[in-house]
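Letters A, B, ... mirror the listed sequences (proteins, then strands); counts begin at 1.
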Protein chains: 2
Amino acid sequence: MLSFYICLRKIPPMTEPRINPNVSVDCVIFSFEDDGLEVLLIERNAGQNRIEDDLLALPGNLIYEDETLDAAANRVLRELTGLKNIYLEQVYTFGDPARINKQKDQDWLHSIRAHPEARVITVAYTSLVKKSNFKISPSSFARQAMWVKVKEVPQLAFDHNALLEKALEYLKHKIYIEPLGYELLPERFTLAQLQKLYEAILDDHFDKRNFRRKVLRTSFIIPLNEKQKGVAHKPAGLYRFDKSKFHKI
Amino acid sequence: MLSFYICLRKIPPMTEPRINPNVSVDCVIFSFEDDGLEVLLIERNAGQNRIEDDLLALPGNLIYEDETLDAAANRVLRELTGLKNIYLEQVYTFGDPARINKQKDQDWLHSIRAHPEARVITVAYTSLVKKSNFKISPSSFARQAMWVKVKEVPQLAFDHNALLEKALEYLKHKIYIEPLGYELLPERFTLAQLQKLYEAILDDHFDKRNFRRKVLRTSFIIPLNEKQKGVAHKPAGLYRFDKSKFHKI
DNA sequence: CAAACTTAGTGTATTTTGTACACAAACTAA
DNA sequence: TTAGTTTGTGTACAAAATACACTAAGTTTG
């Protein structure tokens, strides 16, 4: 019993972390499927008084007073979707005073926030993940979390369509600077998959031969001595990334 | 008298704008002189109780509740340095809870802020200007504003050295995407000046002939039929930018 | 089991861009 | 007149971008 008591004393007091009412983070999580990019959205849940026909939103929430922005983004993503240990990068900060003024957004904020009228600026984060590596398990005020094709995203809550646009633009720039494949493709992938990924992100089309030549000139995309199996056509060779062979410009 | 009265009624009541205690903006303003980049810094002024040996800082302050972040950055820059109508771009947001905890920063905050202990996240903005186009006239809590060579910047207040680094990195990326010359060079400039600008921003050196060839391949750097005058060597030809001939990638 | 279907994989010619490199010309100051 | 300083130029080679069409290797179907 004594040791149990001592153990209890070592547990820090369960004070609620203090919330900063003015700053939130939102996460724009992309995944790639063969027919394009998808983004992770949540369906808001207003506790008891469920609001029908509410808008989808990016996972996001207010930050705690004692956590960094990066930590907040990770926590919020985990709380709302169950996704853990995802490397997030900051994209842009949105701070229009009117960004939370739409009626539906106000209704929702009133149903879940202590200070629903407070000015909120939000810091957008983004990441690329392999859908299959993560199990979505919504909690907190997300009734559901789901992948939606980027080309089919409807009107979202707040200014979240603008956040999505900015994150896409960020991706496009970034893919020029470093290869983004290892985040999004399976460990072993075909060059056709890689090409489709580039075409999806850059919203463009490339010549197959030139693309292959360019890719194979790099030292970090490495052919394996394996082929696809069970496809109804000539099987493609498989490749992998060697992250260690890539060096930033 | 009547019309005067009516006129008075139309003037909005002089309420102080409400300040948001949790969000600030900071401006990283660069200028280019022949021997490198300079950045605009202020010397803080703690009202009566002047703190000796205080650190230099980037111009920045808390935002008002009813203004956008962009507007706040413009206002703050104007209030602190007199610089007006500068096109600012958002760079990055810094939100470490400990970023304002240095003793000197705390002392200063206590001397000027209503809530000196409040968590403050800051949104960094940057711009490139021609020094000669603007007259610096510090006011508010800036005792002085001054241009400091980027290579000679000392330790700054808060996390402002990190903000400066990030803004420099932003510049380097940006100069690959669009020519930054028109912001920083005189209307008519020599190719040597342009080359020095690129070398300053990218912190690199280029071959003169190759640089000239590359520049002249563009359609937006246009030779004038004029030469430098009064220089103690062969006078260089002058060029100008034609912004309309440049199209983003 | 042959034919049809689907995707993989390959080479060449041309143009454009990058890179390395050295010396004469134009002006001023002494 | 000379010394000093910066401008302005050309060539040869290597690397990268671009345009373009057919055969090969599997599976499915009839």
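Under the salt bridge (charged side-chain N to carboxylate O under 4.0 Å, His left out) criterion, the residue pairs touching residues 189-217 of chain A are A:Lys151-A:Asp203, with sequence neighbours excluded.
Applying the side-chain hydrogen bond (donor to acceptor under 3.5 Å, both in side chains) rule to B:Asp159 yields the partners B:Arg99; only residues at least two apart in sequence or on another chain are considered. Taking the salt bridge (charged side-chain N to carboxylate O under 4.0 Å, His left out) definition, one finds that A:Glu38 meets it with A:Lys131, A:Lys149, sequence neighbours left out. Every residue meeting the side-chain hydrogen bond (donor to acceptor under 3.5 Å, both in side chains) condition with A:Ser24, not counting sequence neighbours, appears here in chain and number order: A:Thr122. Taking the salt bridge (charged side-chain N to carboxylate O under 4.0 Å, His left out) definition, one finds that A:Arg240 meets it with nothing, sequence neighbours left out. For the side-chain hydrogen bond (donor to acceptor under 3.5 Å, both in side chains) test, residues two or more places apart in sequence or in another chain that qualify with B:Ser244 are B:Asp242. Listed by chain and residue number, B:Lys174 satisfy the salt bridge (charged side-chain N to carboxylate O under 4.0 Å, His left out) test with B:Glu89 (two or more places apart in sequence, or in another chain). Remark: B:Phe241 engages B:Tyr182, B:Phe189 in a ring-ring contact (aromatic ring centres under 6.0 Å, His included) (not counting sequence neighbours).
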Nucleotide N/O of nucleotides 24-26 of chain C paired with protein N/O under 3.5 Å:
unit_1	atom_1	unit_2	atom_2	d
C:dA26	N3	B:Lys234	N	3.2

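Near DNA chain C, meaning a heavy atom under 4.0 Å from it, residues 208-216 of chain A has A:Lys208, A:Arg209, A:Arg212, A:Arg213 in order of number.
Where DNA chain D meets chain B (any atom under 4.0 Å from a heavy atom), the bounding nucleotides read 5' to 3' are D:dG4 to D:dT11.
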Just distance, no hydrogens or angles: give the donor-acceptor pairs under 3.5 Å from side chains in residues 221-236 of chain A, sequence neighbours left out.
unit_1	atom_1	unit_2	atom_2	d
A:Glu226	OE1	A:Arg188	NH1	2.2
A:Glu226	OE2	A:Arg188	NH1	3.3
A:Gln228	OE1	A:Ala236	N	3.0

